Protein chains: 2
Amino acid sequence: MATRASVKSPRVVTPPPAPVGEIDTRYLETLIGYNARRAALSVIGLFMTRMARYELRIVDFSVLSLITHNPGITSAQLCSALSILPPNLVGIINALARRGLIGRQPHPRDGRAMGLHLTDAGHALMVEAEQTASDLEIEATGRLSAAERQTLIRLLRKVYLPP
Amino acid sequence: MATRASVKSPRVVTPPPAPVGEIDTRYLETLIGYNARRAALSVIGLFMTRMARYELRIVDFSVLSLITHNPGITSAQLCSALSILPPNLVGIINALARRGLIGRQPHPRDGRAMGLHLTDAGHALMVEAEQTASDLEIEATGRLSAAERQTLIRLLRKVYLPP
DNA sequence: TATTGTTATACTCTATAACTATA
DNA sequence: TATAGTTATAGAGTATAACAATA
């Protein structure tokens, strides 16, 4: 994932391909974890490229998307839903607030918590970003038919959802 | 992934569950990347738990597995096949060699390169580790039928393999 | 000139401990 | 006492630059 390289440095320094075709990877390819990780990295790679336009990392997009569809959500709920540890969310939230994309409002029932909401600017950004995300998903899975795509999501959910 | 916590510290410090059921995550669940990443993390979590017995991380297992099925493979080939940068592979290889699991032999055709091979101890370990990996894959995808499992791998490969 | 393997190093991500304010 | 949010910090993972030896 050459994130910084593509942003900061226009020069390509990373070594090129190298011979791979002769390597036998058949055993690893029998493992769901190996295939799921490679597929995730492939889609996520395109995701990062497209979202760089909005200066959003995946975690930023995920946080903003949950705030979009859950106005007033708290940091603790975000942490739980996205498996982020509370100390690591603080900087993410602060950065999004500093950019004027979200605002904090006192929680109506819990004086300790702050409800998170999109600003108008945040809403405008997310309308575009979510459309971009949906588009790139189709692009990243271009070799799959609509039915296959639906099957893939169904099977992936059966893997990670609790019984 | 509470790796170190479960190994070094018997005390549980990480905050507990928290309310999640009421959060609307339906949009994120339409994204292949989101689902593939969660599935990968789910399988990889069990993988780490089972492989801790052999003191192997995923990257260690992947490297050893490729050496197992490609005796004499070079570091550059491992880097290419597993998307590891050369400087980051050095420590991995050194650690496996220090544990007596692999050995380096001069490459027959290229004086710069070293061919990597399993030692007898490394071979014995990998017979067990690969069996453990295959078993836990079935366990981690326990809700999938054999046919579904095969379909899932086929669709994942269509996502990440080049056209 | 290009590639292999390596050292040094920096940045990002993730994890733990400890604190405060509130429940 | 337990939880929400925060600060400080440590560790793992991943990235770039630069070098010696060999092709």
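Small disclaimer: the values here were computed from a predicted structure and weren't measured. Chain naming here is simple, since letters A, B, ... match the order of the sequence lines and numbering starts at 1 in each. Values below: all heavy atoms of this structure, side chains included; hydrogens, waters and symmetry mates excluded.
- Between A/Glu148 and A/Arg143 no salt bridge is recorded (no basic side-chain N to carboxylate O distance below 4.0 Å).
- Ring planes of A/Tyr160 and B/Tyr34: perpendicular class, angle over 60° (limits at 30 and 60°).
- Distance from the side chain of B/Ala76 is smallest to C/dT4 among C/dT4, D/dA15, C/dT6.
- Nearer the 5' end of DNA chain D, as judged by each residue's closest nucleotide, is the contact made by A/Thr74, out of B/Arg57 and A/Thr74.
- A donor-acceptor pair shorter than 3.5 Å cannot be found between the side chains of A/Glu130 and A/Thr68.
- Distance, B/Leu41 CG to C/dA15 P: 10 Å, rounded to whole Å.
- Nucleotide C/dT7 holds its P atom 12 Å from the CG atom of B/Leu89, rounded to whole Å.
- Rounded to whole angstrom, the span from the CD1 atom of A/Ile84 across to the P atom of C/dT12 amounts to 17 Å.
- Between the CZ atom of B/Arg37 and the C1' atom of C/dT14 there is a distance of 11 Å, rounded to whole Å.
- Taking the six-membered ring for Trp, A/Phe61 and A/Tyr54 have ring centres at least 6.0 Å apart.
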I'd like to compare against my own output: the B/S/- annotation of nucleotides 18-23 of chain D with a strict under-4.0 Å heavy-atom distance to protein. ---BBS

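- What separates CG of A/Leu85 from C1' of D/dT6 is a distance of 14 Å, to the nearest Å.
- Rounded to whole Å, atom C1' of C/dC13 lies 13 Å from atom CG of A/Asp60.
- Under a 4.0 Å N-O distance rule, the pair B/Glu29/B/Arg38 does not qualify as a salt bridge.
- Heavy-atom distances to DNA chain D give each of A/Ala113 and A/Asn94 a nearest nucleotide, and the one nearer the 5′ end belongs to A/Ala113.
- B/Asn88 places its CG atom 12 Å from the C1' atom of C/dT7, with the value rounded to the nearest Å.
- With B/Leu152 as reference, A/Leu156 is the one residue of A/Leu156, A/Thr151, A/Asn35 to meet the side chain to side chain contact (heavy atoms under 4.5 Å, CB included) rule.
- The only option from A/Leu31, A/Thr25, A/Asp24 that meets the side chain to side chain contact (heavy atoms under 4.5 Å, CB included) definition with A/Tyr27 turns out to be A/Leu31.
- Across the protein-nucleic acid pair, A/Ile92 atom CD1 and D/dT7 atom P stand 14 Å apart, rounded to whole Å.
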